[in-house]
Structures are given as C-alpha cells and as structure tokens.
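The next block holds one structure in the form of structure tokens; read it before the comments.
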Amino acid sequence: MSPSPAPSSCELRHCADLYRRLRRRTRPVMVGRVGVGGDNPLRLQSMTTTDTMDTAKTVEQSLRMVEAGCEIVRITTPTAADARNLGKIKEELLKRGCDVPLVADVHFQPAAAMEAAEWADKVRINPGNFVDNKRFAVVEYTDADYAEELERIEAAVTPLIEKLKRLKRALRIGTNHGSLSDRIMNRYGDSPLGMVESALEYVRVCEKLGYRDIILSMKASNPKVMIAAYRLLAARMGELGMDYPFHLGVTEAGSGEDGRVKSAIGIGSLLEDGIGDTIRVSLTEDPEFEIPVCRDLARRFQPDAQPRARKIDPVPAKISAPYCKDFFSFERRKTASVRVGPFRVGGEHPARVITRWEGLDAGALLAFFEEQLKTAGSLEPEILEFAVRDQAGLGALARLRGELQAETSRLAYFARVEGPLPLALAALSTADLVFWSGLHGAAGADAARFLGEARAKERAVFLEASDAEDLLRMEAACRERGVGALLCLCGGLHAWRRLAARLAEAGSEAPLHLKAGAQPDEEAQVLESSILIGSLLCDGLGDSVQIDSGLAPRRNLTLVYNVLQAAGTRITKTEYVSCPSCGRTLFDLQSTTERIQSKTGHLKGVKIAIMGCIVNGPGEMADADFGYVGGAPERINLYVGKECVQKGIPSASADQALIDLIKQHGKWVEPPQG
C-alpha cells in the first residue's frame, strides 16, 4: 500500500467554522454509565498514581478524585494480574457507594487488555506499543511488507475487539507522540500525520469487525504537535465519514503553572475549534488536583457555560481566504517589522513583551533588573506602557526615561495618550510607540497631522479597537502614509482569526499585538491568558504580547513568559517534560521533579525530560536534550535525546550523574550567586 499523502488545508477542514465555535458532531459512546460525545457535556477524567495491586490505596485515591469532580477514573494495568485486580477495586468502590466508570490503561500487554475487558468499562490501548516494540530501527518497508504488518496487527487486536463488542465495553485508541511504532516512524516520520495514521490502522480493524464504541486521543508533550495531530485527525475523519469522540490532553505537561499553561494552550485551542469530548490535564501532582483545572477549562465550553465563558463571536460578513495556509503544521504569519525603541516587532523577530508599569520609579525598575540577573532569569520588561492623560503624565514619563538612560538597549516606552492632539504630538517626541484615542477611524485633519508627525519622527503607532473593521481602516490610513503600526484587537480568538484573514485580503502584513484582559482571580487569569494568547501563537499569529491583568508587574511578567515558553515562541528558562505518575512509576515523580528543577532550573534553553518509566519516555524525549528515566526500582537510566547513554544508575547518585552528563555536552553553566 502507498502512504497516505499529507493533506493541505484546502483539501480538508478540521472544524465546521474557523470563525465561530461550533462543536464537532460526534457519536455518543458510553463508558459505563457516562456518555462521551454526542450532546453530552465535556467529561472530566484523571488517572490514579497508586500501585494497582494495592486495592485500598487505589480505592481511596479514586474516591478523592470523584469527590473533586472526576467522572471517569483511569487505572494502569501493566500486567494481567493488575487488570484482574480491577474487579476487586470496582467491587470495593461499589460498596462505598461509588459507581464511577473505570478505564484500564494498557501498554505492551495484549493479555492485560483481554483480562481488563472483564472488569473495566473502557480499555485504553496505545497503537504504538500494543503489538509493536519500539527499537528506533530504520527499516525500508515495501508496500507488501507494510500490508503484512497490518495483517499482523489485525490478527493481534481482533480477539480484544470481539470481546469488547460482546461485553459492550468502550475502547480508547490512544496515540502518543512519544511511542509511535518503528513502522509508522519509517513511513510517516515523527509527525502528526504519523500519529493519525497509527490510530486509523486500528480504527479500520474495529470498523471491519462492526465495532464502533471508540474514543481516540492524539497526545504529545508539545502543544503545537498535539494541536496539529487532533486537527488532522478531525479532518481525516470528516473525509472518511467517521464521527468518533476525542479525548484531549497534553501529555507530560509538568507541574505548577507550567503544566497548567501548557495544558490550557493545547486543550483550549482545540475546544475553541469545537474539537473535544472528554479532557484530562496531566500534571505532575496528585490526580485530585488535576480535576479543578479540568473543570475550569471545561466550563468555558460547556453548552450551559457559566457567565464567565467567552462570548461566541457572530458570523462574519465575508471571508474569502483562511488566515493561514496550513492548519496541520506550524507556520508563523508573515509580517512586516516596525521599530519600537531598541526592538523590532514583527518579521522574523521574537515576540516582544509589553507591560503596563504604572507608578514604578526608576530605582524600583533598576532593582527589578538586578533581581532578574541574580536569578539567571530572562523575565525582563521590554516595552513599558504608561497612561498619559495630561502634560504632567507626559513629564513623568520623560523624567523616568531620562533616569533610565543607561537602559536604552533593553527598554522601550509606549505612551497611551487619552487627550487632545497637542498631547499626542508631544508624546511622539517622548515615547517610542504611541497610541492616541483621537485616531479612532483615522479620519479628519487631526488624524492626518498625527500620522504625518509619526512618519516624520519615524515613530510606530499602536492601533487598538474592539471592531476589526475600524482597525482595518486605521491600518490602511497608516499604510498609505508610510507609518508603521502595531495592531491590537479587543476580542476573542475567533475575532483575531477574522482580523488576520481580513488583513490577508487587504494585502497587509501589519504585525499583531495579542492582549489578554483582566480576570476575576489568578487561576482564571492563567487559563484565559493561556487559551487566548497561547492558542493564537500556536496558530502563527502574534508579534508582541501582553497580559493586562490586576496582577503585580513581576507576577504578570512571569505569566507572560510562561505562556511564550509553553507555546514554543520564546525560551527563557529550563524546559521540563515530566509525566504525571501512575502505578508504573519507579520513583516519586513529584519530589524527584522538584529536586531536579532546584538543581537545573537556571539552565536557560535546556530541555530535560523526567519520566517514571519507559512507556512514553524515549519517544517524548526525542526533542529533549536530556532524559532521566526510571529503568528499575532504585535505578535510573539517562538519555541524550532518544539515546540511552547510561543504565542502572543508583537513585542516590543519579542527580549528579545527570549534571555531569549536561557538563559533558557543554550545556552546563554555574548557577548565579546571591
């Protein structure tokens, strides 16, 4: 058989409408008493971290998860004995008045899946390792060889499917980016297309046998890969007339804010496209702490969403072309660049950060710079925004700039002028970037004079509006007069997409400034900012960013840079890929991750994977610099990329061995003092 060609966005559509949120139509699949897909709400789930053979601990943790709002509980079943113990776990849960559906998580062991089908409401298998063993082998498959491999898969998986069909159990075909088979890797590469084809091989067997109680997932630790894979799966299923529901998740997202940001970007972006029927947030924390994040993400997209849910934008008048060429791989929107002080915004330049910095004097700002240097951070303010309402405000900005004259290589100044034309003209001499409220609509003599002065002084202007057509008119006026402009739309994700499409129609390459507004609490601020800014960045939109929240400037900057890092846009600190733990884990993930972070957190740009076992480890570490993986009890294996370079290191000495390995590869720097 010949490999399936990679589709273009012209051939396939991954969602019903790029400019409105319309939920993808799927068939309902019952997981025990819980319906997934169809008209059912988004379902929340998580996974236990206990030893499956320890019935009491697994039951207690499951009950805590359910109390937190978990609707489906997944339990690892590495062996047939573990799978058999699901019966005892289910029995004990029922005695405690809990009939939560149970999912058996199976890797490598078809026998475990067959046993699990007796007890679990759903069985999850990974097409990358259910029949295949990953050896990273390079093999040239002829069409005949490939067809023979598919026959082997069908023979191996048919007994399980027949049993699931007979017992009315559900099946999740859960593809992981980190565990694609050698067969898939050799034909499709380490790609979203490979992930999709890996799942479809199994779906075709299910359909051949008349079995359709299927849920699919396309998980990756990289949100861009995960988004592309789910979109491609939705598009190909639309082409093939398939309507199976999707389980969403960013695998190995990590802990704390990093894990929440990464998950919100990946899951939220797809939910905005109407894709997704059940979600799991994979955090390196106890599973009951995953559920509140799931719930906060889901309620923004439920049919009966709370008032905090974002408004669904109305149907646009006309859009003749999409806002980007390819929705299945990352491509940054082509933009012109404008100069803002020492920076250029747009073009090939990194996304810049604008921060409102009201009421902070020069001494406090310099102290913040010094604090960042001591902590080896790169979370510095770049473009400072100040409100200018009168001459006194403009004078204060001029004095601050004079006091910070030594920082001209790393600071630019943005004046937001709410006042008459003379104040705006004076601001063009004081600030590097100017917004003037009187420019709205860009009509009249005052607007023409302001733009003429901006051109003469070679200043960029900041354009902001809640209506895309107003913004387009102002941008056109700037373009006609040769004035560089940075555009900001006060709207949701779909409004931004429409703006990008309308700019493409107009032949404009104006750079875009993404801004997330203030939210009622810090948790909402993290999730909303991540969904809006992170999703747009993963779509290739955005040349500067800002979170205009009620958070303190330092806290605000941390969140902005965390979103940039999670979206893969700007790397300003060490990147960690860490799994959420399960019964397979060979060491305590939480304490180990915290310990390694404390020793390596100053290594800007270095990516370290911390994996409790080998299920997804080697593959998810393919784009990591170094890997720390549980190989056996009290033994650690170290990787460089996907190559295991040291095996069986005692846990007590493994941290230092990792540091020594980083040093050997020239990526170690001593942590800052003080």
Rounded to the nearest 0.5 Å, what's the gap from CD1 on Ile267 to OG on Ser530? Could you check?
-> 11.5 Å
Answer yes or no: is there a side-chain heavy-atom contact under 4.5 Å between Asn222 and Val250?
-> no
Between Ser529 and Gln525, what is the shortest heavy-atom contact and its length?
-> OG-O, 2.7 Å
Return yes if some donor-acceptor pair links the side-chain N/O of Asp521 with the main-chain N/O of Glu523 below 3.5 Å, else return no.
-> yes
Report yes if the side chains of Pro342 and Leu411 come closer than 4.5 Å at any heavy-atom pair, otherwise no.
-> no
Considering all heavy atoms, the nearest Arg333-Ala510 contact = NH1-O, 2.8 Å
Quick one: do Glu403 and Arg399 satisfy salt bridge (charged side-chain N to carboxylate O under 4.0 Å, His left out)? Show the steps, please.
-> CA-CA 6 Å; Glu403 292 171 6; Arg399 284 192 299 275; 5.8 Å; no
Show the numbers, then the answer: is there a side-chain contact (heavy atoms from CB on, under 4.5 Å) between Asp273 and His14?
-> CA-CA 8 Å; Asp273 278 337; His14 67 279; 3.2 Å; yes
If you measure only the distance, is there a donor-acceptor pair under 3.5 Å linking the side chains of Asn562 and Lys573?
-> yes
After noting the C-alpha distance and the side-chain angles of Arg570 and Glu382, does the key distance pass the salt bridge (charged side-chain N to carboxylate O under 4.0 Å, His left out) rule?
-> CA-CA 13 Å; Arg570 283 185 67 175; Glu382 294 183 322; 3.0 Å; yes
When rounded to the nearest 0.5 angstrom, what is the spacing between CZ in Arg300 and CZ in Arg21?
-> 11.0 Å
Checking Gln302 side chain against Leu42 main chain: does a donor-acceptor pair fall under 3.5 Å?
-> yes
Short question: side chain of Asp432, backbone of Tyr413 - any donor-acceptor pair under 3.5 Å?
-> yes
Test: Lys262 and Glu575 ion pair at under 4.0 Å | yes
Could you tell me whether a side-chain N or O of Ser263 sits under 3.5 Å from a main-chain N or O of Val281, the two making a donor and an acceptor?
-> no
Give a yes or no on this: more than 12 heavy atoms of other residues, nucleotides or ligands lie within 6.0 Å of atom CD of Glu469.
-> yes
Note: Ala264 and Leu527 closest approach over all heavy atoms is CB-CD2, 3.9 Å
I would like to know whether Leu537 and Leu541 meet side-chain contact (heavy atoms from CB on, under 4.5 Å); could you show each step before the answer?
-> CA-CA 5 Å; Leu537 289 171; Leu541 303 180; over 6 Å; no
Would you please test Val560 and Val545 for side-chain contact (heavy atoms from CB on, under 4.5 Å) and show each step?
-> CA-CA 8 Å; Val560 168; Val545 299; 3.7 Å; yes
How about Arg344 and Ser337: does a side-chain donor come under 3.5 Å of a side-chain acceptor?
-> yes
Distance from Thr574 atom OG1 to Leu603 atom CG, nearest 0.5 Å?
-> 5.0 Å
Exam field: side chain Glu285 to backbone Gly256, donor-acceptor pair closer than 3.5 Å | yes
List the steps, then state whether side-chain contact (heavy atoms from CB on, under 4.5 Å) holds for Gln391 with Leu394.
-> CA-CA 5 Å; Gln391 287 292 339; Leu394 188 61; 4.1 Å; yes
Validation row: Arg13, Leu18 side chains within 4.5 angstrom (heavy atoms) | yes
Any idea which heavy atoms bring Val669 and His602 closest together, and the distance?
-> O-NE2, 2.6 Å
If we only count heavy atoms from C-beta on, is the Leu512 to Leu536 side-chain gap below 4.5 Å?
-> no
In Å, rounded to the nearest 0.5 Å, how long is the span from NZ of Lys224 to SG of Cys538?
-> 5.5 Å
Should we count CZ of Arg389 as having more than 12 external heavy atoms under 6.0 Å?
-> no
Does any non-hydrogen side-chain atom of Leu463 lie less than 4.5 Å from one of Cys478?
-> yes
Does Thr558 reach the main-chain N or O of Arg554 with its side chain, forming a donor-acceptor pair under 3.5 Å?
-> yes
Looking only at atom types and distance, does a side-chain atom of Arg459 sit under 3.5 Å from a main-chain N or O of Arg455, one as donor and one as acceptor?
-> no
Exam field: side chain Thr335 to backbone Gly347, donor-acceptor pair closer than 3.5 Å | yes
Spacing of Cys15 atom SG and Arg20 atom CZ [to the nearest 0.5 Å] | 11.0 Å
So with a 6.0 Å cut-off around NZ of Lys599, is the heavy-atom count from everything else above 12?
-> yes
Distance flag, aromatic centroids of Phe462 and Phe414, threshold under 6.0 Å | yes
For Asp543 and Val345, indicate whether the former's side chain and the latter's backbone hold a donor-acceptor pair under 3.5 Å.
-> no
Intermediate values then yes/no, side chain to side chain donor-acceptor pair (under 3.5 Å), His177 and Asp190 = CA-CA 7 Å; His177 183 230; Asp190 186 13; 2.8 Å; yes
Taking the inter-plane angle between the rings of Phe626 and His665 on a 0 to 90° scale, is it parallel (under 30°), tilted (30 to 60°) or perpendicular (over 60°)?
-> perpendicular
Can you find a pair of side-chain heavy atoms, one from Ile547 and one from Lys515, that are under 4.5 Å apart?
-> no
What orientation do Trp436 and Phe450 show, parallel under 30°, tilted 30 to 60°, or perpendicular over 60°?
-> tilted
Quick one: is the NZ or CZ of Arg416 closer than 6.0 Å to the six-membered ring centre of Phe435, and within 45° of its axis?
-> yes
Passes salt bridge (charged side-chain N to carboxylate O under 4.0 Å, His left out), Glu505 versus Arg498? Steps please.
-> CA-CA 10 Å; Glu505 289 177 334; Arg498 289 202 306 275; over 6 Å; no
With the side chain counted from C-beta on, respond yes when Arg449 and Leu425 share a heavy-atom pair under 4.5 Å apart, and no when they do not.
-> yes
Nearest 0.5 Å, what's the CG-CD1 distance between Asp625 and Ile662?
-> 8.5 Å
Is it true that His494 and Tyr19 have ring centroids separated by less than 6.0 Å?
-> no
Quick one: does Gln546's side chain get under 4.5 Å of Leu514's, heavy atoms only?
-> no
Is a side-chain N or O of Tyr576 found less than 3.5 angstrom from the main chain of Ile610, in a donor-acceptor match?
-> no
